[in-house]
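Comments concern the structure below.
Chain identifiers are assigned alphabetically (A, B, ...) following the order of the sequence lines, protein sequences preceding nucleic acid strands; residue numbering begins at 1 within each chain.
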Amino acid sequence: MAWMCMRDSAWKYLQSAHLGGDRNYSHYTSRDFYSQFGLEDFLCTDDIPGTDEDTDSAVLFGTLRGNVVGLRYYTGVVNNNEMVSLQREPNNLYDKNAVKVNNVNGNQVGHIKKELAAPLAYIMDNKLAIVEGIVPYGAKNAFTMPVQMSFWGKEENKQAVLDELKMHGFKLAPPSKSSEFGFGSSWVSGRAGPSYSAPGHGAVQMTTEQAVGTPLLPHQKQALAWMVSRENSKELPLFWEEKNNFYCNTLTNFAEKERPENVLGGILADDMGLGKTLVTIALILTNFHDGKPLPVEKVKSDQLHKESVVTGVKNEGHELLKGTSCNVEPNISSVKKKSETVQSQYSSFRPKRAKAEKPKYTVSSDSEESEEWLPQQTRTKCEKDLPATRKRSKTASCIIQEDTGFASALASPSAPLKKKAKKKDTASVQSVKKNDSEEGPRTTLIICPLSVLSNWIDQFEQHIRPDVHLNIYVYYGPDRSKDPSFLSKQDIVLTTYNILASDYGSRGDSLLHRLKWLRVVLDEGHTIRNPNAQQTKAALNLEAQRRWILTGTPIQNSLKDLWSLLSFLKLKPFTDREWWRRTIQRPVMLGEQGGLRRLQSLIKNITLRRTKTSKIKGKPVLELPERKVFIQHVTLTEEERKIYQSVKNEGKAAISRYFNEGTVLAHYADVLGVLLRLRQLCCHPHLCTNTSSSSCQIGDSTPEELREKLVNKMKLVLSSGSDEECAICLDSLNLPVITHCAHVFCKPCICEVIQSEQPNAKCPLCRNELRVEHLVECPPEESDSSIEKKGDREWISSSKINALMHALIDLRKQNPAVKCLIVSQFTTFLSLIEIPLKESGFVFTRLNGSMAQKKRVQAIQSFQDRQTGSPTIMLLSLKAGGVGLNLTAASRVFLMDPAWNPAAEDQCFDRCHRLGQKQDVIITKFIVKDSVEENMLKIQKKKRELAAGAFAAKKLTVSEVKQTKINEIKTLIDL
DNA sequence: ACCGCCGGGTGCC
DNA sequence: ACCGCCGGGTGCC
């Protein structure tokens with residue numbers, strides 16, 4: 001969906017600049033355009049117009065050639081076709097209109113000649129346009145150099161800019177097609193340019209030594225190998241080339257003698273639940289050797305085992321993870337490391353290097369072809385030995401002990417931790433002291449939201465072997481340490497974004513900013529997507545050799561949001577927003593192929609992202625226990641059958657009549673009502689008695705009565721579980737409203753229809769007259785008083801309840817600890833089920849969609865609790881809770897009534913069939929024989945086939961929706 | 001010559 | 001800057 005919020009302006013611009021004139025561009029499918037690059041996640045630029053530079057809505061007014069003067073007074077140098085930055089210098093003593101010219105590095109090159117500076121100053125000061133420069137011939141200019149300027153701004157400011165320039169005798173050249181929107185005119189189109197074909201991720205040798213159980217899953221090892229390779233990367237960063245002893249940035253053409261710093265880090269963007277925390281802990285441990293931290297800067301190659309250089313070191317650090325088998329060589333400073341040991345190659349876009357020896361092993365971010373990531377000798381072993389799930393012994397680490405819960409660690413973080421460190425870690429503290437003065441930083445700083453702080457502490461506790469001397473300090477709370485040397489002696493400092501930001505904001509001497517860190521890890525790194533937020537600024541100003549961003553959500557940020565992350569990683573020249581904007585953000589927004597290619601290779605280079613459905617070595621990343629679905633047929637009693645049959649006959653007669661009249665869809669709500677009652681009767685006779693017959697005519701009632709009837713109908717449609725979609729947008733209902741003809745649409749959709757078809761708007765489904773003032777909105781949910789009412793009636797059982805209770809009691813006999821979900825679309829039904837549950841002595845809890853957050857959490861927690869006496873049953877309404885709902889304590893599901901949409905059922909099952917589920921999940925669907933429920937299964941089957949087929953993503957047209965609905969009704973009522 | 005032309009001094013904003 | 005511009009020196013051919 002992210003692509004939808006792409007700004008119109010970009011396309012507007014595309015139209016005016018590319019296609020020209022009044023071409024209709026609305027049919028251009030931007031989704032296709034972007035999805036071919038797999039970049040949908042990056043296309044949302046939902047910025048607020050008028051905020052900061054607002055460059056996304058800028059159009060190119062034109063270009064102008066000018067001169068840069070005064071070169072001999074400044075040191076900044078520029079290559080041919082290099083981008084330069086134009087900055088106002090209002091305080092210049094000689095000319096208040098001064099505009100200085102800087103190169104990409106921020107070194108001043110010169111000034112814009114004063115005659116041109118005068119109008120530029122006016123334009124820039126009044127923010128009429130952004131002026132960007134590219135120097136066509138920068139080299140060998142002693143005194144002046146030309147500069148090609150592009151003027152970008154809002155359409156409404158174009159004339160003012162033109163006028164101001166004209167007043168000073170300048171005229172913009174219209175934007176030329178070949179200029180690729182000012183992004184490197186001649187040089188981009190003039191030469192082929194580097195092709196940034198996806199570089200493989202560097203791999204690190206691993207050994208098979210000490211292969212014992214494997215706590216790291218294959219995809220986690222892959223992530224670790226990737227991270228280690230990135231931390232030890234010696235390749236030039238992406239978009240940099242070595243040319244005549246210079247390092248040249250291929251995007252801006254900036255070049256310098258000094259080698260650009262490597263980006264020793266990246267973005268680990270795996271889905272939630274894939275174990276980013278664990279992998280990060282493993283990464284931290286790669287800096288350990290013999291249970292002690294590796295000296296980072298001063299390590300000499302010969303300190304490492306000799307054979308390690310050839311065959312790969314047995315990674316002590318890795319073994320520190322409990323029961324690890326897959327070893328990575330120690331992760332040391334790249335400067336000191338022998339080059340042969342690192343196999344990383346990013347050579348595909350550099351022919352010269354490509355000829356060099358081939359990497360033995362490469363890691364590819366493309367999960368489909370990632371068999372290559374492990375060395376040959378390791379591969380077979382790992383394949384054989386990998387258990388489906390991890391087993392971890394529950395021993396505490398040496399620093400945080402069993403008794404050091406999160407609360408105590410937070411309440412007084414320094415005291416208990418310090419004490420333990422002293423008591424147990426004398427040796428390691430000593431060794432640190434000895435090396436302290438001569439070594440580089442040893443500390444990894446982890447910043448996370450407060451809510452996951454405890455998770456980090458738990459994970460350290462769980463995964464670090466007790467004999468590893470690791471100092472962990474939680475920098476949090478009012479008593480947090482103020483001693484920089486204390487912090488720098490830690491191996492890990494854990495803190496929150498709030499602490500980071502408030503330290504940075506309040507004290508100028510923020511402790512975290514005074515220290516140089518070995519590594520900074522931003523957990524939930526998308527927290528810094530807003531460049532103006534204090535925590536972002538604070539994070540960007542941290543000094544660290546290695547920088548990592550962990551983020552669970554796909555980087556659903558806009559391109560703009562991505563900037564903060566890149567800036568944090570310190571990939572030159574993107575640390576400066578102007579270069580990010582000019583080389584990536586705007587070209588991508590304008591749909592320029594080169595821009596997309598660059599973004600794609602950038603993302604591919606610095607991020608690793610796998611989803612739960614990603615595959616590694618052909619196997620899913622997460623191997624869940626099996627999920628088995630059984631259908632249990634239920635036969636109605638004679639009495640139940642009588643009622644069912646009579647309601648069915650009545651309903652079938654009415655629906656046949658609608659068919660004969662051709663008014664099925666006009667009576668859609670009534671049809672749904674009939675079907676609903678039948679579905680309810682399959683569950684329990686008491687469910688449907690209260691539902692009023694909606695056969696009464698709408699025409700002859702008072703407005704109030706009419707309104708009430710319509711509201712009831714809408715509620716019927718919404719609550720019928722039919723998963724209604726709006727027939728206009730074909731998406732799920734947003735702000736549902738009902739028409740007088742009793743059809744439910746999204747309010748914005750139907751209003752648009754009425755607007756555009758004025759004055760005689762007709763219902764898209766039945767062509768009845770439509771009026772905005774006739775639309776009835778859905779009133780806010782009132783509390784379920786009906787449930788109480790039902791409770792008053794004398795309770796009777798039903799065939800389905802009997803079947804359920806039979807199954808439950810049977811199950812309890814086999815295993816009293818097994819936990820079940822009982823799922824229904826009818827909360828009233830769940831209430832009815834409560835009674836026999838109580839009678840049979842089951843402890844149960846309940847989760848409805850309407851429950852307050854606090855109650856929900858309580859219900860979930862008590863159910864997930866494994867203690868004896870905790871609830872073994874949860875009553876769950878089908879749609880309760882989002883995808884995040886975790887009910888893995890349950891291994892059995894009883895689905896009391898089928899849903900229209902099989903996806904809704906699957907989603908419900910996934911609440912227990914997900915990461916953390918250790919047992920096979922057995923699902924029982926109760927289906928009444930010879931009833932609407934059996935017909936619903938038929939429809940489910942069809943929908944599943946459709947979803948699996950080639951037209952999975954195809955959206956149906958309105959008439960197709962109509963036909964589908966009609967066919968469904970026929971199937972359901974046996975017509 | 002209240003010019004032109006020459007050639008030295010000079011040079012961002 | 002192999003320019004432009006400035007201002008002093010100079011002045012038929």
Side-chain angles (χ1 to χ4, degrees), chain A residues 52-53 55 58 60-153 157-158 160-173 179 182 184-187 190 244 246 248-249 252-258 573 575-579 581-582:
Chain A
D52 48 70
E53 293 92 1
T55 51
L60 180 57
F61 297 158
T63 61
L64 181 65
R65 179 71 76 100
N67 278 305
V68 185
V69 295
L71 304 192
R72 62 169 156 162
Y73 302 100
Y74 307 99
T75 53
V77 288
V78 184
N79 284 303
N80 292 352
N81 293 316
E82 183 171 331
M83 293 188 172
V84 288
S85 174
L86 274 55
Q87 289 173 15
R88 277 284 284 126
E89 203 178 55
N91 296 325
N92 188 294
L93 282 150
Y94 304 90
D95 184 358
K96 62 176 169 38
N97 291 326
V99 176
K100 66 174 174 177
V101 178
N102 287 0
N103 71 10
V104 177
N105 227 12
N107 301 124
Q108 185 165 1
V109 176
H111 281 100
I112 294 290
K113 215 165 155 31
K114 61 178 182 297
E115 294 80 5
L116 180 57
L120 282 195
Y122 176 84
I123 288 163
M124 293 167 89
D125 291 347
N126 292 297
K127 299 200 190 319
L128 297 177
I130 287 172
V131 189
E132 297 177 349
I134 292 178
V135 172
Y137 310 107
K140 291 190 266 182
N141 293 299
F143 306 99
T144 68
M145 60 171 74
V147 59
Q148 190 71 24
M149 287 168 292
S150 307
F151 291 71
W152 300 82
N157 292 327
K158 185 171 179 175
V161 170
L162 295 180
D163 289 348
E164 174 66 16
L165 288 169
K166 194 177 181 182
M167 230 161 43
H168 290 80
F170 298 101
K171 191 167 176 263
L172 288 187
S179 76
S185 44
S186 55
W187 61 276
N244 323 318
F246 273 87
C248 182
N249 182 268
T252 59
N253 262 347
F254 172 77
E256 60 184 339
K257 259 250 155 340
E258 207 178 311
T575 38
D576 187 323
R577 234 161 135 199
E578 176 173 353
W579 310 117
R581 214 180 53 220
R582 285 176 65 174

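- Side-chain atoms of A:N92 come within 3.5 Å of backbone N or O of A:Y94 as a donor-acceptor pair.
- One can place OH of A:Y94 at 12 Å from P of B:dC13, the figure rounded to the nearest angstrom.
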Side-chain donor-acceptor pairs of residues 119-127 of chain A under 3.5 Å, sequence neighbours excluded:
unit_1: A:D125; atom_1: OD1; unit_2: A:R88; atom_2: NE; d: 2.8
unit_1: A:D125; atom_1: OD2; unit_2: A:R88; atom_2: NE; d: 3.2
unit_1: A:D125; atom_1: OD2; unit_2: A:R88; atom_2: NH2; d: 2.9
unit_1: A:N126; atom_1: ND2; unit_2: A:Y122; atom_2: O; d: 2.9

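- Residue A:E89 contributes atom CD, which lies 7 Å from atom C1' of B:dC13 at whole-angstrom precision.
- In this entry C:dC13 has no Watson-Crick or G-U wobble partner, no candidate having both defining distances under 3.5 Å.
- Residue contacts shown for A:L93 are absent, as no nucleic acid heavy atom lies under 4.0 Å away.
- Note on A:K100: nothing from the nucleic acid sits closer than 4.0 angstrom, heavy atoms only.
- Enclosure of atom NZ in A:K140 is not indicated, since only 12 or fewer non-hydrogen atoms of other residues, nucleotides or ligands lie within 6.0 angstrom.
- Every residue two or more places apart in sequence or in another chain that forms a side-chain hydrogen bond (donor to acceptor under 3.5 Å, both in side chains) with A:N249 is listed here: A:T252.
- With P as the reference atom, C:dC3 and C:dG8 are 24 Å apart, rounded to whole Å.
- In this structure, the NE2 atom of A:H111 is 11 Å from the P atom of B:dC12, given to the nearest Å.
- Contacts between residues 66-75 of chain A and DNA chain B, defined by a heavy-atom separation under 4.0 Å, are made by A:V69, A:G70, A:R72, A:Y73, A:Y74.
- Rounded to an integer number of Å, the gap from NZ of A:K113 to C1' of C:dA1 is 12 Å.
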(message) Test side-chain contact (heavy atoms from CB on, under 4.5 Å) on A:L116 and A:N67; report intermediate values, then the result.
(response) CA-CA 8 Å; A:L116 180 57; A:N67 278 305; over 6 Å; no
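- Remark: C1' of B:dC13 and CD of A:Q108 are 9 Å apart, rounded to the nearest angstrom.
- A heavy-atom distance below 4.0 Å to DNA chain B is reached by none of the residues of residues 115-128 of chain A.
- For B:dC5 and B:dT10, the P atoms lie 25 Å apart once the distance is rounded to whole Å.
- Ring-to-base geometry does not place A:F143 in a stacked arrangement with B:dG11 (centre distance under 5.5 Å, plane angle under 30° required).
- Shown here are the side-chain hydrogen bond (donor to acceptor under 3.5 Å, both in side chains) partners of A:E256, two or more places apart in sequence or in another chain: A:N105, A:K572.
- Under a 3.5 Å cut-off, the side chain of A:N253 and the backbone N or O of A:N81 do form a donor-acceptor pair.
- The separation of C:dC13 from B:dC2, taken at their C1' atoms, amounts to 25 Å, rounded to a whole angstrom.
- The shortest distance between the side-chain N/O atoms of A:K114 and the OP1/OP2 oxygens of B:dC13 is below 4.0 Å.
- Panel note: side chain A:Q108, backbone A:G110; a donor-acceptor pair is recorded below 3.5 Å.
- Taking the side-chain hydrogen bond (donor to acceptor under 3.5 Å, both in side chains) definition, one finds that A:R72 meets it with nothing, sequence neighbours left out.
- No hydrogens or angles were tested; on distance alone, nothing pairs the side chain of A:D95 with the base of B:dC13 as donor and acceptor under 3.5 Å.
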